[in-house]
Amino acid sequence: MGTLYIDDQPVEFQPGDNVLDAAKRANIEVPYFCYHPALGAVGSCRVCAMETVPSREGEQPRTVMTCTLKAQDGMRFRFAQSDKAPGVSKTMVEFYMTRHPNDCPVCDEGGDCHLQNMTVEVGHAYRRFDGQKKTYPNQLLGPLVWNTANRCITCYRCVRFYQDYALGDDFGAMGSRNNVLFRRIDDGAFDSPFAGNIITVCPTGTFTDKVFRRKYSRTWMLKKSASICAHCSVGCHVEPGARAGTLRRVVPNENSAVNQYFICDRGRYAPHASEAANRPLQVKVGGQLRQEPALAVLRQALAVSDARWGVMGSAREDVVTNLVLQQLASDLNAPFTAFTDPLTEVRTKTAVNLSLSAPSLQDIEAADCILVVGELTEHAPMMELAVRQALKQGKPVMMLHAAASLLAGMVRKQRSLQAQTQAPVLWAETLQKLISSLSQEQADGWAALLKNAKAPVLLGVAEVMPTAAIKALAELAAVLGEQARVGFALPAANSFGAAQVSQAGSSEQLLEALERGDINALLVVGADPMSGWQGERWSKALAKIQHLVVVDHIHSATVQAATVVVPSATVSEHNGVFINYEGRVQSFAKAYSRETQVLLQEELIALLSGDARARVQSQLLSMLGSVMPSPGSTGSRIKPATLPIGQLAEAVLGNGPALVLQGWHGEEEVAGFATELASLTPHDSVGIAPAYAKALGLTLDKNSRLTISVHNKQLTLPVSLSAQVAEGCVAVSRRAFAELQARLGDEVKLTAAMRLSEEPAAPSVVAHFTPLQGDNSNGGLRP
Amino acid sequence: MKNLKNWVGEITGAFSATLKHAFAERDTVCYPAEKPDLPERWRGRIILTVTPEGEERCVACYLCSSVCPSSAITIQGAEREDDERRYAEKFEIDFTRCIFCGLCEEACPTRAIQTTNDFEMGASSRAELVYDKSRLLENHTGKYPDFDYFKRAGVPIRGKDVGEGANEKPPVDVYTLLP
Amino acid sequence: MEKVLSRNFHHAQPLDLATYRAGGGYDSLQSIFGRDREEMVNELRASGLRGCGGAGFSTGLKWSFLAKDAPRPVYLVINLDESEPGSCKDRQVLYRDPHTIVEGVLASAYIIGADKAFVFVRGEYKVGAAKLEKAVQEARDAGLLGDNILGSGFSLDIDVHLSAGRYICGEETALLNALEGYRANPRSKPPFPAVKGLWGQPTIVNNMETVCHVPSIMHKGAQWFQGQGQNGGSGTHLFQVSGPVKNPGVFELPMGVTARELIYDHAGGLLDGRKLIAFQPGGSSTPFMTPDQLDTPMHFDAVAKIGSRLGTGGVIIMDDTICPLKYTRNLIEFYARESCGFCTPCRDGLPYLVHLFDKFELGTATAADHQTILELCGLIGPNTHCALAPGAVMPVQSALQLFDDEFKKHIAAKGCSYSPVAATASQAAAGAGVQGGHH
């Protein structure tokens, strides 16, 4: 705290501020390039100049770079009144302009470009340099990021983000002097799940959004709003930009409570599923497209006689939608659920009940010891980025996982014994052992690290943790005391909210009711039960019924099987409320309307009677604590009552290999329809640890293939040898699980299959993702 | 007497003025037989032009549509598949809105959009006055015969790779260790 | 004056340990081990030893910045990245008497209480580094390095590290980054290396020649060292002279010897028929000195007083056969190439200056360009991240002052009017080629 003086005007500063921070707080427009609040100040651009005011006899005023100067009480500077400092900034920009190409009319960044803004701000207008411009080769960086290297002003922000902030290592600065280039070592897509953020930090058009480029619009012409990412349970703030009824891009919306300045690639590129060629955009009844308005068709469909209804909401639809559907179900005397899989429902609700002290992303970054259970990077990338911030400060991070995960690689790099693989079915036992060793005098290893921590954070991935393990992790937090916080990455954006509106065992009950024939009509909003964990059970049950009304915005399997399809709005196209993994209630606002009429989820309330509507409103307000957060605000955290859960048998330890999920960071139900992002899906393979393969008597190398047999189904896949897969387990993708109609933890038989003789070796699952198709792949779900 | 002199003077003055003008050179231009002599910078119908090589000049930078005070211009840009060269996939000028101010011509960085001396744009419906690109694009360079924007830009297009522009050096070799 | 650094240069091969010791080598350790460290640092300050790497900072003062309770380990890093054009002194010692370096490092490390020493050798001196490594191994075998050296309780090992980089690695914080395996970009100071240096630990970085003086100072005393100098300088220094002189080379002379004596007596004066126009006293990043300044004593304060810098003491001669603008352009191009590329004024400003000098060469320069050079030097100099660019613009600013009419002539004549024909004619007449480095 203190005061310094700029042009004799007092400026307050906070502890830890540098002079540039202080000036910005006082709304003094100091030009800068390399400084970024999340990336710190390095003093490379030399633009943020101010002139010192001599305090001692004989001292000359000199120009200083304010971003590298720590603010101290009583410092005096001249900025606008200085005749030296503005000349310095202007000359630095002039130096940039000696090699900056004349690209503005064709540059994506034009009009939204920090370099343009600063050039005007410092007053550089005329070119006196008459030499030739240096040029630089461009690099192909995959389907998501476009590189135009000529435009680079060498501010080093991209590499500071990629290497220093996000701990990536396949991209960096190359060359020296004015030949410095920022490139990947090899051409191709980035390894990091956060690579899209180099687009955000780049002040020029060197790195631009390749997906946006294909449907470009100047950013001042975009319709924007404050929205929330719908693709994982962290709930980052995003700003979708749309024009002419189509989504063009999604960028991070700065906010201090959740994601601060960045978002992951999943959040940046998955929303483009709204532009998939096969997106349902018109009502379809009995296979015929209809011109009627969506709500009318829905009303008609629900009014059909002799239908005994079931209603299914979704954990990826917002709170209001689910509350309305719950009320509708009650009015129709129908069973209701917001989950498609009983196991996921039990695990989610168990986790939600134990999330009262869930740490925010800031709490995770500030933790001095973190224990992660499950493959966090692949399920909640931004949560894992927060863990990386603690990891790189040398804080101990321990990880218990069963399949390959980017975080595991990083943890092992820091301290090799701190990432351990183990079959999920054994996690509860391991955690219990950890709890008991905490009470011992000589706690060692992980227990010692946790014991000595003042702000330990425990994180789990609810979808892959057995219920017993979820409970054990929370018990561990309780044993560690008040300072310990435990949080769980939940399967979908509004899993927390969905849990609040579903009865115990709701999904099992609905499924059973279908199977028994108690209900012969199902209304599904925003869910795809036929593709989830219980896909084959749902498919069999739904094949029998006469009325399947599906309201969704992706061409899912359930939509394809529906008798009535009603197109709905994506998150950028309607208003709503999500509750994230912390119980934080966040509103999202509609950015744009599509040109064809789709059903806005908020219209669903029109299906209810007046009383029912009032009941929904009061339920909503009581859940939120009577204040609806405005879009863009940091929301408020709710602490709901404990949810009743019910029992469900879970997989037990068997003798043979058990199936575990190999996720990847771009995977999610809607994200699968975003073509560019989905093109980076890793090749399907079966992950197995070399030591375990040996123990099973299999001689495997990178050209081997294995046939997996379970429940009368078989699938042959190339082998991916990885020490990050736990003993006793084999890891396969969600798609492979669906094809095998298997569930987490199922015991399988492995047999060697014909080797890949001509085909290239399958990349390892934690690999440089090679795009499967080029950038011009057509829309639709990947086969 | 004085009054009479004035009266005669006024009448003869008036008559002589009329006579003078009766035989004076006309300023009236007998349109449509004669066309008016308009200066080169006269702001008439708007066209889109091409480079000296015959390629479209417009790169869909959206500057004209943004500066247009009456929002007469609508653009959607796209890239040519093979070489990423930007062009306007859709370029519409609604001449019922256009006020012929010429700001679009001033804003255009590639000298694509230009005003001409043509004003003969009469139509019998409003719809006819919304010109799309096929009616706007003309196969000549307009008032600027030498300008080709892409020769001065850094982006690579067919026929001009990175470093081959008018004032560019060849691209640096990333992998050399030589100074 | 007693020869210190070059006392063994007359041998055909570098001395092995036994011969070195026979000549008095490592005797200084007796005057160092066991003595109070603070007292020795004070002695060093009193001696007036200044850094020989170019900055000329008082060595004793630098070492006193190391906190008494500095967290271990403390490192000593020797800067043998001799890349300044005009400097070739460290190479002589490295190739001809590496044990002098080992003794210097050992002595300095003891005084500052370092736990480990690194010698950062320029990559081009690969052969010399091998000789140094051999000397270090000999020292290890004889118990002069390793644990509990000579029973004193002091342990030290020396790591000879070959640089993979370029000129910027000679900047002390860039050197530290290079040692740590990062890109050789300089760091912001503060924090200074003495507080947070190699791997965040307190580190002292010194030029090789500086530490080579330390043993003799401790052994023979500050008074003796001051007496070695002349005209206000202390100690001896390895001066270098390069350019069109009869006897270019490296000369150990008292600090404070006049430039006239150095150039005309020791380096034999200019080649026949050549006239001295200007000279740079300490490597290519120093302002020019003129013939009327030949009687300036060559020590830091005297040279600074007349507006130049002693730097490394590597004198470069400019005679009348080279166009001063060509000469300066050559220098500025070197610096533009050697920029690390981190900060804008050096990375983009120096090539801009090269371009302007090219215009003078090609004859397309205007008076506005002349003005621009002056303006840019003033804007580049004080606003950079490290000292490379300020050093680069020093000869340019000095050339603008001294050769102002030459710039104007180039503009008026639309090109350079120095003729190479005159130069070769006088060379042929003199009959002498330019011999390389030894004396």
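When reading the values below, keep in mind they use all heavy atoms of this one structure, side chains included, and skip hydrogens, waters and symmetry mates. Chain A is the first sequence line, chain B the second, and so forth, proteins listed ahead of strands; every chain is numbered from 1.
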Provide the closest heavy-atom pair for [X] versus [Y] in the form atom of the first, atom of the second, distance.
| X | Y | answer |
| --- | --- | --- |
| A:Arg183 | B:Tyr175 | NH1-OH, 3.2 Å |
| A:Pro137 | B:Val174 | CG-CG2, 3.7 Å |
| A:Arg243 | B:Ile75 | NH2-O, 3.2 Å |
| A:Gln132 | B:Glu168 | NE2-O, 3.8 Å |
| A:Asn150 | B:Gly154 | ND2-O, 3.2 Å |

How about [atom1] on [X], more than 12 heavy atoms from neighbouring residues, nucleotides or ligands closer than 6.0 Å, or not?
| X | atom1 | result |
| --- | --- | --- |
| A:Lys223 | NZ | no |
| B:Glu40 | CD | no |
| B:Arg41 | CZ | no |
| B:Tyr31 | OH | yes |
| B:Trp7 | CH2 | no |
| B:Asp37 | CG | no |
| A:Gln597 | CD | no |

Q: Measure distances from B:Pro170 to the heavy atoms of chain A and classify the residue's part below 4.5 Å as side chain, backbone, both or neither.
A: backbone
[range]: residues contacting chain A (heavy atom under 4.5 Å, by number):
| range | value |
| --- | --- |
| residues 142-150 of chain B | B:Tyr149, B:Phe150 |
| residues 47-62 of chain B | B:Val59, B:Cys61, B:Tyr62 |
| residues 123-141 of chain B | none |

Q: Indicate yes or no: does A:Arg214 engage B:Glu84 in a salt bridge with an N to O separation below 4.0 Å.
A: yes
Q. What option among B:Ala78, B:Ala166, B:Cys108, B:Ser66 has the most heavy-atom pairs under 4.5 Å with chain A?
A. B:Ser66
**Q.** Options B:Glu79, B:Arg85, B:Arg152, B:Glu89, ranked by heavy-atom pairs under 4.5 Å with chain A, top entry
**A.** B:Glu79
Q) Any side-chain heavy atom of A:Met221 within less than 4.5 Å of one from B:Ser65? A) yes
Q) What pairs of residues pass the salt bridge (charged side-chain N to carboxylate O under 4.0 Å, His left out) test when at least one of them lies in residues 93-113 of chain A, not counting sequence neighbours? A) A:Glu94-A:Arg128, A:Arg99-C:Asp348, A:Asp103-A:Arg151, A:Asp108-B:Arg86, A:Asp112-A:Arg249
